[in-house]
Amino acid sequence: MLLSNLFLPLTKDLPTDAKIKSHQLMLRTGMIKQSAAGIYSWLPLGFKIMKKIESIVREEQNKIGAQEMLMPTIQSADIWKESGRYNDYGEEMLRIKDRQGREMLYGPTNEELITEIFRSSIKSYKSLPQLLYHIQWKFRDEIRPRFGIMRCREFYMKDAYSFDIDDEKAKHSYNKMFYAYLKTFNRLELQAIPMAADTGPIGGDLSHEFIILAETGESNIFTDKNIFDIKLNSYNFSKDSLEKMRSDFSSFYSATDEKFNKDEFEKKIKKENQIKAKGIEVGHIFYFGEKYSKPLNCLVDHPEGKKVAVKMGSYGIGVSRLIGAIIEAKFIDDVMKWPRSVSPFDLVIIPSINKNNDENSKKALKIYQELKENKIDVLLDDVNENISAKFKKHDLLGIPYQIIIGSKSEDDKFEFKEVGKIATMLSLKEIKQKLKK
Ligand code: ATP
Ligand code: MG
């Protein structure tokens, strides 16, 4: 892609409510544009990053055997009346009436709808377990939308639902998701801490929040440094191994303010290992058993003959919030570096453009074409502005690799730079080698 063709409305004037760096950066680089309070359009740069995050989330869900589907954004109020949440959910729910006066709503979550789908088709333990998910827009009429897409009203979420015949099997589904979440956040180069959480209005008895450390986070967290040393690849997919994984994480004291207990924190963690910090919640998982299946009468035949309410869990990841979380974690001293896995481009070519001599532009175009032929997603900065302005702009865009074409480049060697590291002179062949995934 040529930068001159990219729809990239860079802005300098920021609204006063853009208080945190992710919100500022997303507006400055034209990733999003606000359309109403807490509602945003996703412009090409932001949308491309979100789609990459979405595919990583999807791949890790598929790997544990979850099946993708798609439920609508608009739901009927009827099933919410059946579960009792139509009244309980309160003002966060956006309620709508259609032309016949039927009560509808824009889904804030999907426990009711998935239970309704499930109960109308699955009747026997023989069809269990089931693990279903979708990635869909949600609406919550947050009282104070803020921080851009981090706490907005319309947001993009992956939500999954598990169905099992008994508690033990349901816990295995829960553990599989727990594992998939950690893998997903690792691939985004984020260190997420799973923390035992209150179950809140979704209800139930087992729940974890996945939290990224960041100064601008809304949650206060208290944890043990050693929790970061647990190695995911030391576990396999067997029931026992996954159970051990969860209990290994749980063996370290970890809590958000809701569950924080000062005495316990100080007693359980050596002073030098105590972490008191702010964090951003990027995912939340729940096991709530029969909380919805019972009122919604979602029953299956048990091997012993009786009918039982199916045991359910639900599992959310804030796909759109993750973009903000990555920026909060990786935008340091005004320099952004996207994790390679979600970067909007693999590499940017930055030629120093001189009006009287188009040698650099020609050279840049040539390697641009060659890299493209090699399926490298490359951006060529063909905009006519001075090199220091270009560098400033690319500090914000955060593409992790740069080829700089200026006085230093030779016939077949180019200045190659990974953001945050020292530049080296490499041939195109060596550059291609470096970019191999
Ligand atoms: P929070 O405590 O931040 O309000 P929640 O507990 O209400 O989150 P869940 O219902 O568990 O959130 O939703 C799953 C995920 O969706 C959250 O972990 C978060 O990443 C994301 N999410 C929730 N609310 C919002 C929002 N208003 N804007 C953006 N993302 C959100
Ligand atoms: Mg909430």
Side-chain angles (χ1 to χ4, degrees), residues 20 22-23 26 31-32 34 36-40 42 46 50 53-54 56-57 61 73 85 88-94 106-114 133-161 174 177-178 180-182 184-185 188 190 192-204 206-212 214 216-221 255-259 278-288 291-292 312-329:
I20 64 171
S22 57
H23 190 189
M26 291 181 82
M31 289 172 64
I32 50 169
Q34 186 173 334
I39 302 180
Y40 290 85
W42 289 80
M50 185 159 74
I53 295 176
E54 178 184 350
I56 290 176
V57 169
Q61 292 293 296
T73 53
R85 276 209 294 183
D88 296 351
Y89 215 95
E91 304 223 273
E92 265 193 28
M93 180 185 275
L94 180 67
Y106 194 123
T109 179
N110 282 57
E111 282 80 8
E112 283 77 0
L113 188 52
I114 193 80
Y133 75 99
H134 75 161
I135 304 175
Q136 177 63 294
W137 295 94
K138 304 288 184 289
F139 196 96
R140 294 183 187 173
D141 203 353
E142 298 273 355
I143 185 161
R144 227 177 301 120
R146 58 195 172 136
F147 303 149
I149 51 84
M150 294 271 250
R151 180 165 301 284
C152 50
R153 298 198 294 165
E154 189 184 44
F155 59 97
Y156 204 41
M157 194 212 277
K158 184 283 304 177
D159 40 324
Y161 302 89
Y174 185 92
M177 268 302 163
F178 192 108
Y181 274 40
L182 292 168
T184 304
F185 301 131
L188 301 173
L190 293 173
I193 312 168
M195 298 202 160
D198 278 341
T199 47
I202 292 192
L206 180 61
S207 173
H208 285 86
E209 289 172 345
F210 291 78
I211 304 230
I212 305 294
T216 47
E218 292 184 285
S219 322
N220 288 305
I221 61 156
T256 56
D257 3 13
E258 291 163 353
K259 285 205 159 185
K278 294 267 183 196
I280 301 168
E281 180 195 319
V282 288
H284 201 164
I285 62 178
F286 301 85
Y287 174 53
F288 45 73
K291 184 175 156 74
Y292 299 96
M312 290 175 59
S314 79
Y315 313 87
I317 289 185
V319 176
S320 48
R321 181 182 282 183
L322 268 170
I323 300 167
I326 294 173
I327 297 172
E328 292 300 326

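Atoms within a ligand are numbered from 1 in the order they appear, just like the ligands themselves.
Using a 4.0 angstrom heavy-atom cutoff, Ser320 does not count as in contact with ligand 1. Using a 4.0 Å cutoff on heavy atoms, Ile149 counts as a contact of ligand 1. Assignment of Met150 to the shell around ligand 1 is supported, since a heavy atom sits closer than 4.0 Å.
Listed by number with element, the atoms of ligand 1 under 4.0 Å from a non-hydrogen atom of Val282 are 18 (O), 20 (O). Taking every heavy atom of His284 and a limit of under 4.0 angstrom, the matching atoms of ligand 1 come to 6 (O), 11 (O), 18 (O). Under a 4.0 Å criterion applied to the non-hydrogen atoms of Gly283, ligand 1 contributes the atoms 18 (O).
Counting heavy atoms under 4.0 Å from ligand 1, residue Glu142 touches it through the side chain alone.
Ring centroid separation for the pair Tyr315 and Tyr133 does not come in under the 6.0 Å cut-off. Checked against the 6.0 Å centroid criterion, the rings of Tyr174 and Tyr287 do not qualify as a close aromatic pair. No close placement of the Phe210 and His284 rings is indicated, their centers lying 6.0 Å or farther apart.
Within the set Phe286, Tyr156, Phe155, the minimum heavy-atom distance to atom 22 (N) of ligand 1 is found for Phe155. Remark: among candidates Arg151, Arg144, Glu281, Lys158, the nearest residue to atom 18 (O) of ligand 1 is Glu281, based on non-hydrogen atoms.
In the model, Tyr106 has no side-chain atom that pairs as donor or acceptor with a side-chain atom of Arg140 under 3.5 Å. Residues Gln136 and Tyr156 have side chains that never bring a donor and an acceptor to within less than 3.5 angstrom of each other.
Residues Ile211 and Ser219 share a closest heavy-atom pair of CD1-OG, 4.2 Å.
Across Ile327, Ile317, Ile149, a single residue satisfies side-chain contact (heavy atoms from CB on, under 4.5 Å) together with Leu322, and that is Ile317.
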